[in-house]
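Proteins come first, then strands; the chains are lettered A, B, ... in the order of their sequence lines, and each starts at number 1.
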Amino acid sequence: MTRSLDPVDMDKIVSLCKRRGFIFQSSEIYGGLGSVWDYGPLGAELKRNLKDAWWRANVYARDDVVGLDAAILMHPQTWVASGHVETFADPLVECQNCNQRFRPDQVLVSEVTDIQNNRLLGYASGFNREEVLSKSRPLLPKRMLVMFQATAPEPKPFQDYLGNTSKLPCPFCDTVGQLTDPRMFNLMLKTFLGPVEDTASLTYLRPETAQGIFVNFQNVLTTSRKKLPFGIAQTGKAFRNEITPGNFTFRTREFEQMEIEFFVRPGADDDWLTRWVNDRFHWYLSLGIRQENLRTRRHAKDELAHYAKDCYDIEYHFPWGWAELEGIANRTDFDLRRHAQFSGKDLSYYDDEAKERFYPYVIEPSGGVDRAALAFLVDAYDEEQIRSETRTLLRLHPDLAPVKAAVLPLSRNERLLPKAKEVYALLREQGARNIDYDDAQSIGRRYRRQDELGTPFCVTIDFQSLDDNAVTIRDRDSLEQLRLPIPQLPVLLAELLNHGWSAAPAHLKVTTGPPKDA
RNA sequence: GCGGGUGUAGCUCAGUGGCAGAGCAUCUGCUUCCCAAGCAGAGGGCCGAGGGUUCGAAUCCCUUCACCCGCUCCA
């Protein structure tokens, strides 16, 4: 099965999401709210299925992880301790000539001085030492160029010049005098608790769910009676004032995370990091992401977050390029120590067997629910030619598909409807799965509609059903059909949803579906 | 925030001063109808908002709002 995605397909996916009820723009009737999205009936199912699958794999299938549901609002000191108040604010400098923006802490500046005459010749700026030094050369008079190596001006951090940025050249275009003063961008959303808006009631909407886990570390440890190594899992909303949101639901200011903080003995951290990277990578594959669209990437030292010792990203090949779905970081004992320090509470761990007390290291697999949902949508999107018509379909894994099966009478003939309703009721009996019913328009049209939603199987009631009490099941991906007695339907459908069409008994198959164009 | 782009039906878009349109989608009816079938019909719009020019504005001008792409990121 060959599928390719051009960048143009992103528009098709956005359009499909709107058209079929996966994702809507927030507050659309008021003109929309930037970078915020609502999930419609099908999107809500997809997200729910996704989170359930994550929870099953990381909590139920393991004996060393327990769940948590911490509040979005936390004591403001939490964010001082975590380092977010201090570090999560980026000062940005902008060049009014080339309109590029950069963070001062990523730029170096060199003062080029004529030492003999004690005269400032100019400044050079750039992103690394070599770049700055090479830019310094043209500023130097020939006689100094000879002794350049000896008098090479050692670059200093851009931050040292924050007071007078207007004299400096832009690190991108080297234009002098077009840099703005640094502006602070605090990425945390402020809010006020209580009816009175004063600084005493100021707190934040959490920028990550992780801190809810850290502050509950001792609570969970004592009540769950877990021993190291063990983890705490939670899904929930987080908020960041992203400077540049975009790419549909990929980077938004309100988003949902699925995070695990896995506590291990110091020294075992490197090993556990590797294991988690592997586990999480295969989780995406197990739900149908194509391997060629998934990769891991280790963070370079200089891109590590303030709390991390090591970090791997799991990246997906979106139409606009590779981008992060999940980060698996070694947060060391940074968070527990900081919270112990700021709260005055002892958050260390006592190992009964080794008779020693220490601060556990933390491995953090932290994924984005919305990003994963988008990746699964993009990866599942497909178009194929059947009888010169384009069939648009989502090849979603049955676990993720918003609708598990659709019950379709061949037509709206009054003799067919009671039998169809009967089958529909039968499949809904347990209430465990989302089953659709549709009798509008032609059967072909309804198949196509279900294909577009990613419904794995369609159950069709035809006139023969009235005689033999049997129905057909049609497979979304192969278009094959099988026929079986209605009483056996619930069991076989469950079987197919769990194991896929390959679990279908060959002797039941009745058709191979319409021919696909080459 | 800066630069560029776009706002017309649920979706994709045409319309550049003279009655607001097309395709698809949606809905209804008919047909023993298995892969977007046919026939007949229907609903759906303050042309993003406000102001101006004009006999007349979706169209020209001003203002404003929103969204998209890029720039810093990291779920």
Expressed as a whole number of angstroms, how long is the span from Phe248(A):CZ to C68(B):P? 10 Å
If you look at every strand shown and take non-hydrogen atoms under 4.0 Å, does Leu325(A) touch a base, only sugar-phosphate, or nothing? sugar-phosphate
Write down the distance separating the P atoms in C60(B) and U6(B), rounded off to the nearest Å. 12 Å
Flag this pair as yes if the NZ/CZ of Arg297(A) is under 6.0 angstrom from the six-membered ring centre of Trp322(A) and inside a 45 degree cone about the axis; otherwise no. no
Identify whether any heavy atom of Trp37(A) sits under 4.0 Å from a base atom; if not, whether one sits that close to sugar-phosphate; answer base, sugar-phosphate or nothing. sugar-phosphate
Keeping the roles fixed (side chain from Arg474(A), backbone from Thr460(A)), state whether a donor-acceptor pair exists under 3.5 Å. no
Glu259(A) side chain to Ser366(A) side chain, donor-acceptor N/O pair below 3.5 angstrom: yes
Base-pairing assignment for A36(B) (Watson-Crick or G-U wobble, both under 3.5 Å): none
Nucleotides 21-31 of chain B: protein proximity per nucleotide (B base, S sugar-phosphate only, - neither; heavy atom, under 4.0 Å): ----SSSSS--
Counting only N and O atoms by type, is there a donor-acceptor contact under 3.5 Å from the side chain of Arg206(A) to the main-chain atoms of Trp79(A)? no
Taking the P atom in each of C47(B) and A58(B), what is the distance between them to the nearest angstrom? 7 Å
For atom P, what is the distance between A49(B) and A40(B), given to the nearest Å? 36 Å
Looking at residues at least two apart in the chain, or sitting in another chain, which of them share a side-chain contact (heavy atoms from CB on, under 4.5 Å) with Thr296(A)? Val277(A), Phe281(A), Ile314(A)
What integer number of Å spans the C1' atoms of C68(B) and G56(B)? 34 Å
Identify the nucleotide, in any strand shown, that forms a Watson-Crick or G-U wobble pair with U54(B), with both distances under 3.5 Å; if there is none, say none. none
Examine distances only and state if a side-chain atom of Asp379(A) and a backbone atom of Arg290(A) form a donor-acceptor pair shorter than 3.5 Å. yes
I need the CZ-P distance between Phe318(A) and C69(B), as an integer number of Å. 13 Å
Gap between atoms CD1 and P, on Ile13(A) and C11(B) respectively (whole Å): 17 Å
Please work out if Gln257(A) contacts a base, only the sugar-phosphate, or nothing of the nucleic acid, heavy-atom cut-off 4.0 Å. sugar-phosphate
Do side-chain atoms of Lys404(A) reach the backbone of Pro398(A) as a donor and acceptor pair under 3.5 angstrom? yes
Across all strands shown, which nucleotide pairs with A20(B) by Watson-Crick or G-U wobble geometry, both distances under 3.5 Å? none
Short side-chain N/O contact from Asn247(A) to OP1 or OP2 of C69(B), under 4.0 Å: yes
Quote, to the nearest angstrom, the C1' distance that separates A57(B) from C46(B). 14 Å
Taking the same atom, P, in G50(B) and in C2(B), what whole-Å distance lies between them? 25 Å
Can you tell me the base-pairing partner of C71(B)? Count Watson-Crick or G-U wobble geometry only, both distances below 3.5 Å, and say none if there is no partner. G1(B)
Is a salt bridge present between Arg298(A) and Asp310(A), judged by a nitrogen-to-oxygen distance below 4.0 Å? yes
At 4.0 Å (heavy atoms only), tell me whether Gln450(A) reaches a base, stays on the sugar-phosphate, or touches nothing. nothing
Regarding the side chain of Leu410(A), the nearest nucleotide among A75(B), C33(B), C74(B) is C33(B)
Distance, rounded to the nearest Å, where Arg253(A) contributes CZ and C73(B) contributes C1': 13 Å
Using the P atom on both, measure G10(B) against G5(B) and round to a whole Å. 27 Å
Rounded distance (Å) that lies between atom C1' of C35(B) and atom CG of Leu482(A): 16 Å
Salt bridge between Arg449(A) and Asp436(A), side-chain N to carboxylate O under 4.0 Å? no
Taking the side chain from Thr203(A) and the backbone from Met74(A), do they hold a donor-acceptor pair closer than 3.5 Å? yes
Under-4.0 Å side-chain N/O to phosphate OP1/OP2 contact, Arg240(A) with A75(B): yes
To the nearest Å, give me how far apart OH (Tyr447(A)) and P (C34(B)) are. 9 Å
Starting at CZ of Arg446(A) and ending at P of C35(B), how long is that distance when rounded to a whole Å? 12 Å
If you assign Glu259(A) and Gln25(A) each to the RNA chain B nucleotide with the nearest heavy atom, which residue ends up on the more 5' nucleotide? Gln25(A)
Side chains of Gln257(A) and Gln234(A): does their closest heavy-atom pair fall under 4.5 Å? no
Applying the Watson-Crick and G-U wobble criteria at under 3.5 Å, what pairs with A42(B)? Answer none if nothing qualifies. U26(B)
Would you say Ser442(A) reaches A37(B)'s phosphate, i.e. side-chain N/O to OP1/OP2 under 4.0 Å? yes
Kindly compute the distance separating CG (Asn413(A)) from CG (Asp462(A)), expressed to the nearest 0.5 Å. 11.5 Å
Set out, line by line, the N/O atom pairs under 3.5 Å between protein and nucleotides 42-49 of chain B.
none

5'-most contact on RNA chain B (nearest-nucleotide basis), Leu466(A) vs Lys18(A), goes to Lys18(A)
Glycosidic conformation of U59(B), taking syn as within 90° of 0 and anti otherwise: anti
Whole-Å distance separating the CG atom of Asp462(A) from the P atom of C35(B): 12 Å
For A9(B) versus C24(B), give the span between their C1' atoms, rounded off to a whole number of Å. 12 Å
